[in-house]
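Notes follow the structure.
Side-chain atoms are counted along with the backbone in the values below, which use heavy atoms only and exclude waters and symmetry mates.
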Amino acid sequence: MGFESIIGFGLLTASVSWILSIYPILEHRKSLARAATLLHSSEVRGCRRLDEVAHSDVQQILMGLASQLITTRNELMQFPITYYFHEDDKETSLAGILHYLGDIADQNVNRHGGAAMGAVALNGAVDDYLKMVLQIFLTREFSSRDESLVAFAQEHLREPVRAPKPLPRAA
């Protein structure tokens, strides 16, 4: 009976430890999605658009998002079970907002200086994340980014969020 108690206590401790270890991963994913959603909201409302922001500021924004997405990808590789955790709040769904991240990366690739570098880094991070998700969870090949983003969003029952169209530049 003592041995059963020790085994039971060990299993309980292991279960609680495992559950507590996945919460930071889910929080990182939700934080990335929320930050991207707030940026999207700012652009849609016309408060400030990325094409109106200085190149150095855009670089910091894009590199920060790329860094967070890389971290999210690596955490998903370590704890694949977190892929199946559903976000109830649309604003914290990476599956929905990832399309927006790809759009803003594409829109800023041709900017000057570090902004283009940040855009390339974010493009790479989006593609790496998608390739991993497609290979491991959706058992599909990466054919195009748009198709992959739509498949990922549909898998999580989300509508892809798109970036607003860039404003025409003055000549």
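A 6.0 Å sphere centred on OH of Tyr84 holds more than 12 heavy atoms belonging to other residues, nucleotides or ligands. The number of heavy atoms from other shown groups lying within 6.0 Å of NE2 (His86) is above 12.
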Practice item. Let me see the working for Gln78 and Ile25 under side-chain contact (heavy atoms from CB on, under 4.5 Å), right down to the final yes or no. Key: CA-CA 10 Å; Gln78 295 297 315; Ile25 295 165; 5.7 Å; no
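Atom CG of Leu50 sits about 5.0 Å away from atom CG of Leu39, to the nearest 0.5 Å. In this structure, the separation between OG1 on Thr72 and NE2 on His28 is 8.0 Å, given to the nearest 0.5 Å. Note that NE2 of His40 is 8.5 Å distant from CG of Asp103, once rounded to the nearest 0.5 Å. Separating the CG atom in Leu12 from the CD1 atom in Ile7 is a distance of 13.0 Å, to the nearest 0.5 Å. For the atom pair CZ of Arg29 and CZ of Phe85, the computed distance is 8.5 Å after rounding to the nearest 0.5 Å. With rounding to the nearest 0.5 angstrom, the CE atom of Met63 is 7.5 Å from the CD1 atom of Ile70.
Between Glu75 and Thr82 the shortest side-chain heavy-atom distance does not fall below 4.5 Å. Leu69 is listed as a side-chain neighbour of Leu98, based on a closest heavy-atom distance under 4.5 Å. Two residues are said to be in side-chain contact when any heavy atoms from C-beta on lie closer than 4.5 Å; Val126 and His99 fail this criterion.
With Ser42 contributing its side chain and Leu38 its backbone, the two residues share no donor-acceptor pair below 3.5 Å. The backbone N or O of Ala33 lies less than 3.5 Å from a partner atom in the side chain of Thr37, making a donor-acceptor pair.
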Which donor-acceptor pairs under 3.5 Å do the side chains of residues 127-142 make with protein atoms, sequence neighbours left out?
residue	atom	partner	partner atom	Å
Asp127	OD1	Arg145	NE	2.9
Asp127	OD1	Arg145	NH2	3.1
Asp127	OD2	Arg145	NH2	3.4

Between side-chain atoms of residues 149-161 and protein atoms elsewhere (two or more places apart, or another chain), which donor-acceptor pairs fall under 3.5 Å?
residue	atom	partner	partner atom	Å
Arg158	NE	Ser93	OG	3.2
Arg158	NH2	Glu87	O	2.2

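Ser143 and Ser148 get closest at one heavy-atom pair: N-OG, 4.3 Å. Pairing each heavy atom of Ile97 with each of Ala36, the nearest pair is CG1-CB, 3.6 Å.
In terms of hydrophobic clustering, with Ile, Leu, Val, Met, Phe, Trp and Tyr side chains grouped at heavy-atom distances under 4.5 Å, Leu65 and Val53 are assigned to a common cluster.
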